[in-house]
Amino acid sequence: MTRKILLVDDSPVARKILRKCIPEDGCFEIFEASDGLDGLKKFEEINPDITFMDLTMPVMDGMEALGEIKKRNKDALVIIQTADTQIKSVFMAMELGAFMVLKKPISKDSIKAVLKEADGALQTER
Amino acid sequence: MSVFSMDIGTAQEVILTGEEIDIFQEVMNIAFGQASADLAEILDAFVVLNVPEVRMLDESALPDLIREGAGPGALSIIEQSYWGKLSGKTVLFFPASAREGLARLFGEFSREDALACAEKEIFLEAGNFIAGGCIARLANCLDDLVTYTAPRSAEILERNADKKTSPTLRRIAAVKIPFSIDKHGVSGLLILTASHESIPWLKTSLKRFMEQYG
């Protein structure tokens, strides 16, 4: 089964890195957005299975976008990937319903492990 | 080869491409994010981050960038230089109104004690934590080891000066990062520059950073 993944990050480099870390095994269809507001629009359009969200972004930051996504779909699976690993930021993201907070820089191994865990959660849900 | 064509050749080697600027911006984002997390833990405060902005500019344009960053009103400015394979300087700006908040943040002083503290000392301590932390994390991300000068209070800028300096063909990379610390309402701006001499190493290093992802 192909999972739809939405990558929300203002940095084209961060999106490129994340793309490279996602296994190219045909199991994932990837979409991109360049800020929180764009991410919210794309989320509504494509209804992704998994959303990767940065926190520090222009226009609408990741924390606000996460909150808005959760208002639209409380079961949305959103993984925060950020360099901002202050305890308060992590706590706020988890309070808003993030599935997990990943610390940048990410690695192929960490993304592989997170996707496996997310897949497990999605299967339990259904 | 004429002197002119040699200059052009040299200049091209020390210009970051659009893609390299994007990579440097992301590396700075990671470095400043990590430095902020350290700072937040030490100070028991929350650091609000903004998106870093990277520019390539002629060395002679740096005073203009600093003046632009300084904006209106009284300011404290702290400079620090660093050396490694990557070298350059940091310039940290705080509005004068930040002094009391910084004094309490860095010393847990009472209001009276904070007001009595030597102004320079408070801002220098802040510079050491914020700019120094950011450089250390940047060096770590790029697998470099840097040494620093002690932070020093910079001269007040002549904001109205129309003095023009001639272009030098010495290109530097400059990163602007606005930030704020929620406790006591402290805000500031950090400008970090990578020197002309270190740009070729920076280019190689940014390439290596991306190569780890295949």
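Residue numbering restarts at 1 for every chain, and letters A, B, ... go by the order of the sequence lines.
Annotation: Lys112(A), atom NZ; neighbour count of heavy atoms from other residues, nucleotides and ligands within 6.0 Å does not exceed 12. Within a 6.0 Å sphere centred on CD of Glu211(B), heavy atoms belonging to other residues, nucleotides or ligands number more than 12. Environment of CD in Glu19(B): sparse, with no more than 12 heavy atoms of neighbouring residues, nucleotides or ligands closer than 6.0 Å.
Here Glu59(B) does not pair with Arg171(B) in a salt bridge; the nearest charged N to carboxylate O distance is not below 4.0 Å. Between Lys41(A) and Glu45(A) there is no salt bridge, since no side-chain N of the basic residue sits under 4.0 Å from a carboxylate O of the acidic one.
With a threshold of 4.5 angstrom between heavy atoms, Lys104(A) approaches chain B through its backbone and through its side chain. Of the two parts of Asp61(A), neither the backbone nor the side chain holds a non-hydrogen atom closer than 4.5 Å to a non-hydrogen atom of chain B. Using a 4.5 Å cut-off between heavy atoms, Asp44(B) makes no contact with chain A at all. Using a 4.5 Å cut-off between heavy atoms, Asp38(B) does not touch chain A at all. Residue contact with chain A, scored on non-hydrogen atoms closer than 4.5 Å, is absent for Glu41(B). Heavy atoms of Pro12(A) lying under 4.5 Å from chain B belong exclusively to its side chain. In this structure, chain A has no heavy atom under 4.5 Å from any part of Phe32(B).
For chain B, the option among Lys108(A), Lys16(A), Lys88(A), Gln86(A) with the highest count of heavy-atom pairs below 4.5 Å is Gln86(A). Contact tally against chain A (heavy-atom pairs below 4.5 Å) for Gln212(B), Met210(B), Glu26(B): the top residue is Glu26(B). For chain B, the option among Ser89(A), Pro58(A), Cys21(A) with the highest count of heavy-atom pairs below 4.5 Å is Ser89(A). Most heavy-atom pairs under 4.5 Å with chain A, from the set Asn29(B), Val47(B), Val27(B): that is Val47(B). Put simply, of Leu55(A), Asp9(A), Ile87(A), Thr56(A), the one with the most heavy-atom pairs under 4.5 Å next to chain B is Thr56(A).
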Run the salt bridge (charged side-chain N to carboxylate O under 4.0 Å, His left out) check on Arg170(B) and Glu197(B) step by step: do they pass? CA-CA 9 Å; Arg170(B) 288 173 53 81; Glu197(B) 287 74 17; 2.8 Å; yes

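Contact of the Ile30(A) side chain with the Arg19(A) side chain is registered, since non-hydrogen atoms from C-beta on lie closer than 4.5 Å.
For the residue pair Thr82(A) and Asp84(A), no side-chain donor N or O sits within less than 3.5 Å of a side-chain acceptor on the partner.
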